[in-house]
Peer 1: 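Quick one: this structure, given as structure tokens, is what I'll be asking you about.
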Amino acid sequence: MTDKAALSHGIATPATTASAQTRTMLWLLLIVYIFNFLDRQIVNILAEPIKADLGLSDTQLGLLAGPAFAVFYALLGIPIARYADKEGTNRVRLIALALAVWSAMTAICGLAQNFVQLLLARIGVGIGEAGCTPAAHSLITDSVPAEKRSSAIAFYGLGVPIGSLLGLVIGGIVNDLYGWRIALMMVGAPGLLLALIVLFVMREPRHSRSDEAVAMARAVVPLSTSEALREIFSSRAFIYILIAASVTAFLGYGKALWTISFFIRSHGLSTTEAGLSMAVVLGLAGVFGTWLGGKMADKFGARDKKHILTFPAYGMAIAAPILFLGYYMEDWRIAVAMLIIPTILNSAYYGPAYGCVQGLVQPRARAVAASIMLFGQNLIGLGFGPFLFGVLSDVLAPVAGQESVRWVLYGAAWLGLIPAFFFWRASLRLKTELKSG
């Protein structure tokens with residue numbers, strides 16, 4: 001009896017069971033990633049009340065929002081990814097442990113009584129989150145066909161805009177009602193329960209392999225760290241994608257923080273109005289853009305591999321002038337509306353970029369490749385984006401006054417042409433460098 005006939009008679013076959021397990025895994029990983037970005041980004045909306053309560057300076061606030069998290073996240077990502085790539089590693093347990101650590105540390109942030117305590121707790125959040133995405137990408141790649149890889153990773157990537165949206169909304173509302181401490185505890189505590197669900201519901205694909213497949217995997221000599229790095233950086237396409245994704249993150253994290261300040265300072269919106277407006281733009285438009293990017297990559301990449309990155313490359317180029325005009329508008333409603341299309345286009349890279357990275361290296365180096373991408377995106381993007389945007393605003397303040405943030409955003413809009421160029425350059429090499437499996 002075929003799988004299709006068995007399914008019509010209500011009989012579960014190995015293929016249908018595997019498909020159901022894959023869907024369950026993808027949904028759980030999406031929820032985990034939503035918690036990942038919710039716990040990471042909620043500090044943005046809570047920055048002002050935290051500053052007032054603990055008497056922090058802007059420099060201290062900047063350290064909490066960026067480097068305190070990003071440096072440890074980036075540095076620990078590669079060794080944790082090396083562990084995830086080992087054949088004997090249970091990646092499900094690794095993700096569950098990482099989730100429990102960052103959730104507990106997020107809740108502990110709400111107990112901090114001074115800057116040092118809060119700094120240490122934020123470092124703990126970064127350490128925990130370093131164990132999530134490389135292992136998740138490796139799991140997804142092992143569980144879905146290569147032709148659906150971009151869509152599957154893009155589905156996981158929906159956690160970025162959804163988590164960011166929830167961070168703005170939940171953080172703002174709970175802070176107004178109960179204060180910033182309760183907000184942090186409220187978003188951290190449920191992650192501990194989710195960690196248990198992940199541990200007992202998700203399955204490690206390595207454990208369901210046939211005896212022959214297991215024997216073949218064990219027969220393969222593991223790559224050393226230097227060998228893995230040598231293979232990864234021997235790919236010109238990977239280097240181009242790394243540059244493009246890192247610059248995208250630098251601009252994205254910078255705009256995410258300072259666009260809110262822009263609408264408050266230049267358009268006179270309240271914190272709640274600015275937060276809700278950005279939740280709609282960055283959240284809903286980002287969700288659609290991330291999903292669309294994965295679908296477009298799988299559809300057109302099936303015809304020609306270079307088209308996996310065509311949409312992100314051309315989309316970012318088109319987004320630059322529209323984004324500039326959005327920042328230029330004097331009516332805040334028109335400005336918000338004009339940010340929607342650029343946000344969609346700038347969000348479309350996630351699935352195609354990370355999908356390509358997983359296909360540019362052999363399975364023994366996939367988690368490390370993802371961790372290097374995350375290293376660039378978080379150290380350069382989260383670590384320096386918001387900080388350098390603020391520095392430039394201060395530099396321009398004597399000339400531009402209250403409009404200094406607007407001037408910085410003008411420049412950020414046109415800098416989007418840089419990742420567009422490198423995604424295009426990478427696309428030209430995919431036909432020769434991208435592996436089939």
Peer 1: The criterion is ring-ring contact (aromatic ring centres under 6.0 Å, His included); which residues satisfy it with W291, sequence neighbours excluded?
Peer 2: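 For W291, the residues satisfying ring-ring contact (aromatic ring centres under 6.0 Å, His included) (neighbours in sequence not counted) are F288.
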Peer 1: How would you list, by chain and number, every residue that makes a side chain to side chain contact (heavy atoms under 4.5 Å, CB included) with D176, sequence neighbours excluded?
Peer 2: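 Here the qualifying residues are T272.
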Peer 1: Going by the side-chain contact (heavy atoms from CB on, under 4.5 Å) test, name the single residue among L199, L196, I197, L194 that passes it with L99.
Peer 2: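 The residue from L199, L196, I197, L194 that satisfies side-chain contact (heavy atoms from CB on, under 4.5 Å) with L99 turns out to be L194.
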Peer 1: Parallel under 30°, tilted from 30 to 60°, perpendicular over 60°: which one fits the rings of Y354 and H137?
Peer 2: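 Because their plane-to-plane angle is over 60°, the rings of Y354 and H137 count as perpendicular.
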Peer 1: Give me the one residue out of V125, N36, D39 that meets side-chain contact (heavy atoms from CB on, under 4.5 Å) with S103.
Peer 2: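 It is D39; the other options fail the test.
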Peer 1: Taking only residues two or more places apart in sequence, or in another chain, which ones meet N346 in a side-chain hydrogen bond (donor to acceptor under 3.5 Å, both in side chains)?
Peer 2: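 Partners of N346 under the side-chain hydrogen bond (donor to acceptor under 3.5 Å, both in side chains) test: none.
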Peer 1: Are any of the side-chain heavy atoms of I42 and L166 separated by less than 4.5 Å?
Peer 2: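 I42 vs L166: side chains apart.
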Peer 1: Is E227 salt-bridged to R230, going by a charged N under 4.0 Å from an acidic O?
Peer 2: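 No salt bridge links E227 with R230.
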Peer 1: Below 6.0 angstrom between ring centroids: does that apply to W332 and F263?
Peer 2: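 Ring-ring flag for W332/F263: false, centres at least 6.0 Å apart.
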Peer 1: So, the side chain of R122 versus the backbone of L64: is there a donor-acceptor pair under 3.5 Å, distance only?
Peer 2: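 Judged by distance alone, yes, a pair lies under 3.5 Å.
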Peer 1: Using a 6.0 Å distance limit plus a 45 degree cone around the ring axis, check whether R40 lies over the aromatic ring of Y73.
Peer 2: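 Ring-cation test returns yes.
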Peer 1: If you draw a 6.0 Å radius around CH2 in W27, do more than 12 non-hydrogen atoms from other residues or ligands fall strictly inside?
Peer 2: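 Open: at most 12 neighbouring heavy atoms sit under 6.0 Å from CH2 of W27.
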Peer 1: Can K431 and D304 be counted as an ion pair, charged N to O under 4.0 angstrom?
Peer 2: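 Result for this pair is yes, salt bridge flagged.
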Peer 1: Less than 4.5 Å apart, side chain to side chain, heavy atoms only: is that true for L409 and K255?
Peer 2: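 Heavy-atom side-chain distance check passes, below 4.5 Å.
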Peer 1: With ring pair (Phe, Tyr, Trp, His ring centres under 6.0 Å) as the criterion, how do Y327 and Y410 come out once you've worked through the C-alpha distance, each side chain's angles and the decisive distance to 0.1 Å?
Peer 2: CA-CA 7 Å; Y327 295 136; Y410 282 160; 7.1 Å; no
Peer 1: Do the charged groups of R181 and D53 touch, with an N to O distance under 4.0 Å?
Peer 2: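 Yes, charged N to carboxylate O under 4.0 Å.
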Peer 1: What is the distance from atom OG of S226 to atom CD of E231, rounded to the nearest 0.5 Å?
Peer 2: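 Between atom OG of S226 and atom CD of E231 there are 12.0 Å.
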Peer 1: Would a line drawn from the ring center of F250 to the ring center of F389 be shorter than 6.0 Å?
Peer 2: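 When the ring centroids of F250 and F389 are compared, they turn out to be within the sub-6.0 Å range.
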Peer 1: Is the shortest side-chain heavy-atom distance between F375 and L75 below 4.5 Å?
Peer 2: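 The answer is yes, as the side chains (C-beta and beyond) meet within the 4.5 Å cut-off.
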Peer 1: Side-chain donor-acceptor pair under 3.5 Å between Y240 and S427, yes or no?
Peer 2: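 Y240 vs S427: no donor-acceptor pair found between side chains.
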